[in-house]
Amino acid sequence: MAQSDFFENVYEVVKLVPVGRVTTYGAIAAYLGSKRGARMVGWAMNNAHGRPDVPAHRVVNRNGVLTGKNFFGSSTEMQELLEADGVKIEGDQLVAFKECFWDPGIELL
DNA sequence: TCACTGACTTGGC
DNA sequence: CGCCAAGCCAGTG
């Protein structure tokens with residue numbers, strides 16, 4: 001395994017996120033079986049930098065805020081990528097986040 | 001081997 | 001309504 005099955009699992013879920021949709025750390029963590037393990041998802045995203053196939057910009061916190069935008073090349077790069085996907089951002093926060101939310105535990109069910 | 005940290009979440013004050 | 005503290009999992013020092 002590259003890093004861990006946990007990380008690989010997170011990558012696959014994020015890669016499965018359709019364009020124009022977003023998911024949350026908690027949703028992925030819950031999908032993996034660890035609701036509180038949302039932190040690990042963020043950690044996986046950090047490792048995701050070596051995975052260009054993993055659109056980490058489509059992963060936000062439960063509030064729909066681009067928490068990890070600072071981890072990107074530019075603080076606005078995450079927002080630009082999301083807007084390019086067709087998502088609207090306002091004040092580092094997702095607009096109509098509920099409508100754009102993509103839950104793997106439901107969509108992939 | 002133990003301890004700390006971290007892109008979160010939830011609850012309490 | 002806003003801030004603080006605790007919990008969880010895995011990786012790195």
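If you take CG of A:N63 and P of C:dC3, they are 13 Å apart, rounded to a whole angstrom. Here C:dC9 presents its C1' atom at 14 Å from CG of A:N47, a figure rounded to the nearest Å. For the pair A:H49 NE2 and B:dA7 C1', the interatomic distance rounds to 9 Å; values are reported in whole Å. C:dA10 atom P lies 9 Å from atom CZ of A:F7, rounded to whole Å. Put simply, CG on A:L32 is 18 Å from P on C:dC8, counting in whole angstrom units. The distance from atom CG of A:N46 to atom P of C:dT12 is 10 Å, rounded to the nearest whole Å. We find that CD of A:E8 is positioned 15 Å from P of C:dA10, with the value rounded to whole Å. Atom CG in A:D5 sits roughly 13 Å away from atom C1' in C:dA10 (whole-Å rounding).
Every side-chain contact (heavy atoms from CB on, under 4.5 Å) that A:E77 has, sequence neighbours left out, goes to A:F72, A:S74, A:L81. Listed by chain and residue number, nothing satisfies the side chain to side chain donor-acceptor pair (under 3.5 Å) test with A:R39 (two or more places apart in sequence, or in another chain). For A:N61, the side-chain contact (heavy atoms from CB on, under 4.5 Å) partners at least two apart in sequence or on another chain are A:Y25, A:N63, A:V65, A:T67. A:D92 pairs by the side chain to side chain donor-acceptor pair (under 3.5 Å) definition with A:K69, not counting sequence neighbours. For A:E83, the side-chain contact (heavy atoms from CB on, under 4.5 Å) criterion is met by A:Q79, A:E80, A:I89, not counting sequence neighbours. In this view, A:M40 and A:F6, A:W43 satisfy the side-chain contact (heavy atoms from CB on, under 4.5 Å) rule, not counting sequence neighbours.
Note that OH of A:Y11 and CG of A:L16 are 15.0 Å apart. Values are rounded to the nearest 0.5 Å.
Under the salt bridge (charged side-chain N to carboxylate O under 4.0 Å, His left out) criterion, no residue pair touches residues 95-109 of chain A, with sequence neighbours excluded. Legend: ring pair (Phe, Tyr, Trp, His ring centres under 6.0 Å) pairs involving residues 86-109 of chain A, not counting sequence neighbours, sorted by first then second residue: A:F97-A:F101.
Looking at residues 65-77 of chain A, you'll see A:T67, A:G68, A:F71, A:F72 sit with a heavy atom under 4.0 Å from some atom of DNA chain B.
Considering only the side chain of A:F6, C:dA10 comes nearest among B:dT9, C:dA10, B:dT5. Among the nucleotides C:dC8, B:dT9, C:dA10, the one closest to the side chain of A:A38 is B:dT9.
Below the 3.5 angstrom threshold, one finds no donor paired with an acceptor across the side chain of A:R62 and the base of B:dC8.
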For DNA chain C, the expected dot-bracket line (Watson-Crick or G-U under 3.5 Å, [ ] crossing, | inter-strand) is .||||||.|||||

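As judged by a 4.0 angstrom heavy-atom cut-off over every strand, A:N61 is placed among residues touching the sugar-phosphate backbone only. Nucleic acid contact class of A:A44 (heavy atoms, under 4.0 Å, all strands): none. Residue contacts shown for A:H57 are absent, as no nucleic acid heavy atom lies under 4.0 Å away.
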Considering only nitrogen or oxygen atoms on both sides, find all protein atoms under 3.5 Å from nucleotides 11-13 of chain B and state each distance.
none

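Grouping Ile, Leu, Val, Met, Phe, Trp and Tyr residues whose side-chain heavy atoms lie under 4.5 Å apart, directly or via other members, leaves A:F71 alone, with no other cluster members.
Between A:R51 and A:E8, at least one side-chain nitrogen of the basic residue sits less than 4.0 Å from a carboxylate oxygen of the acidic one, meeting the salt-bridge criterion.
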